[in-house]
Amino acid sequence: MKSAHVGLAAFETRAGEAARTLLHNQGYDGGWGLTLTSVSSIVNTSEVLPILRGGGIAGQPVRPGLDFLTGAIPEHSRPRPKGGRGEHTRFIAFGLAGLLSHPRFFHHNGVAETAAWCVGWLEDHQVDHGWPEVLGLDDTSLHQTALVVHRLAELRDALHDFGPGLLLPGGVETTSLLERVEPLIDHGVHGLLYHRRPSGAWGWRTYIDTDPSPSKTALCLLALSTVCSGTGPGGEPAYRDGPREAGGVHGPVQRKRLSDVVAEAGQWLLHNHHRWEEFVEDDKDVQGTAWEHMAYALCTQATIRAGASPRDPRLAKAWKLMNDLWDPEAALWNEPGASGKRATIRAAYYTGVGLRGSDAASGPNEPCRPRLRGRKQGVGRDGHRPCRPRSWPDRPPRDTRQRRKGGV
């Protein structure tokens with residue numbers, strides 16, 4: 001763990017360097033692409049904005065990035081024959097993430113209005129058990145549904161922070177928008193739970209029997225953790241964490257609290273760390289681009305969110321890899337890959353988020369209850385208290401095939 005500790009200690013410096021590198025390579029349109037010379041995209045711009053925030057950069061650089069998103073989200077989400085980049089759910093999910101990345105700028109021109117537009121898009125295009133990868137497909141995408149649920153839960157928390165009845169720029173009123181957001185969260189949560197395996201994991205595709213996917217499990221864990229961790233305007237829990245039906249596609253239906261679902265998913269990831277600690281995971285369901293999940297970083301973040309210690313020896317190889325992927329010449333993190341390492345915004349985002357979450361495991365065992373405003377003890381820099389069960393299981397859930405498939 002020595003090199004991992006070096007990486008953790010050096011993170012603040014590296015995060016600042018990465019933020020400055022990205023700042024100096026901001027596009028003329030205010031956005032960013034996958035690499036420093038790529039065409040700007042919703043996804044990569046939304047990944048850069050929290051990196052800037054983590055590096056202590058706000059103000060003028062953030063406003064052009066938000067301006068890019070407020071224009072690009074409705075424009076890029078149009079069908080290709082009509083001049084868009086395709087009706088992909090990821091444009092909406094990542095777009096919301098970018099719009100919410102700097103809450104103090106939610107009053108910036110067009111931000112609240114575009115967030116409400118995203119909510120309307122999600123209302124119009126939901127399918128059974130969630131949202132599709134792209135419009136026209138009936139199959140629910142675990143990837144996109146988890147991203148949507150995660151971002152809607154963050155939007156819910158932001159609206160609670162603003163308070164009821166507040167009129168935001170663009171004519172968006174917090175209470176009415178919240179009343180639209182909460183049913184969508186519930187719809188997505190129902191879908192994620194429906195596809196959960198008895199082992200505590202999720203497969204890499206819906207409705208068919210596939211090997212468990214570490215990345216999809218991590219994405220679902222993070223989404224459900226965010227749902228059950230928010231607080232209402234009076235400090236009460238934003239989500240009533242009662243028993244809900246889990247499962248249905250694979251094995252018998254169980255009744256689980258979201259906090260227990262999160263804990264069991266975290267245990268599954270730790271028990272199967274060999275499947276993700278040094279890997280990326282291909283996602284063939286994502287259309288229009290070659291999509292890879294940075295499993296080594298994504299799963300590290302998820303296990304810590306579920307209550308694992310950053311110093312757990314099962315995370316040692318992942319920490320070492322993230323430490324070794326730092327490129328001092330590029331002042332950015334690299335992606336690992338068979339074709340060699342390359343510095344990308346995607347690698348910087350997932351590595352930075354994973355490292356930022358390394359201080360989120362302090363505090364006593366308790367149910368999901370992060371984002372306690374005005375209370376700093378035990379709350380990580382991402383604003384979340386670890387979502388821990390009342391009693392941490394002695395052994396991880398049993399079940400999992402040990403084969404490495406799909407890049408893991």
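Quick note: numbers below take in every heavy atom, side chains included, and nothing from hydrogens, waters or symmetry partners. The residues of the chain are indexed from 1 along the displayed sequence.
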Nearest-0.5 Å distance that lies between atom CZ in Phe68 and atom OG in Ser46:
8.5 Å

Is there a side-chain contact (heavy atoms from CB on, under 4.5 Å) between Leu321 and Glu277? Walk through the geometry before answering.
CA-CA 8 Å; Leu321 178 62; Glu277 59 193 358; over 6 Å; no

Inter-residue atom distance Leu36.CG - His24.NE2, 0.5 Å rounding
12.0 Å

Donor-acceptor pair between Glu133 and Ser141 side chains, under 3.5 angstrom:
yes

In Å and rounded to the nearest 0.5 Å, what is the CG to NE2 distance from Leu168 to His108?
14.0 Å

Is the distance from the ring center of His273 to that of Tyr296 below 6.0 Å?
no

Can Asp327 and Arg342 be counted as an ion pair, charged N to O under 4.0 angstrom?
no

Do the charged groups of Asp324 and Lys320 touch, with an N to O distance under 4.0 Å?
yes

State which residue, out of His143, Arg275, Glu281, fulfils the side chain to side chain donor-acceptor pair (under 3.5 Å) condition with Ser215.
Glu281

Taking the six-membered ring for Trp, are Tyr194 and His190 parallel (under 30°), tilted (30 to 60°) or perpendicular (over 60°)?
parallel

Atom CG of Leu224 and atom OH of Tyr239: how far apart are they, to the nearest 0.5 Å?
8.0 Å

Establish, yes or no, whether a centroid distance under 6.0 Å links the rings of His129 and His187.
no

Looking at CZ of Phe91 and CD of Glu75, how far apart are the two atoms once the value is rounded to the nearest 0.5 Å?
11.5 Å

Do Ser229 and Thr226 have side-chain atoms, one donor and one acceptor, less than 3.5 Å apart?
no

Under a 3.5 Å threshold, yes or no: a donor from one side chain and an acceptor from the other, between Thr344 and Glu335?
yes

When you check the gap from the basic side-chain N to the acidic O, do Arg197 and Glu264 get nearer than 4.0 Å?
no

Will you find, in the side chains of Glu179 and Ser176, an N or O donor that is under 3.5 Å from an N or O acceptor?
no

Distance col, row Leu222:CG vs Gln301:CD, nearest 0.5 angstrom, shows 4.5 Å

Salt bridge between Arg20 and Glu17, side-chain N to carboxylate O under 4.0 Å?
no

Assess the side chains of Ser259 and Asp241: does a donor N or O sit below 3.5 Å from an acceptor N or O?
yes

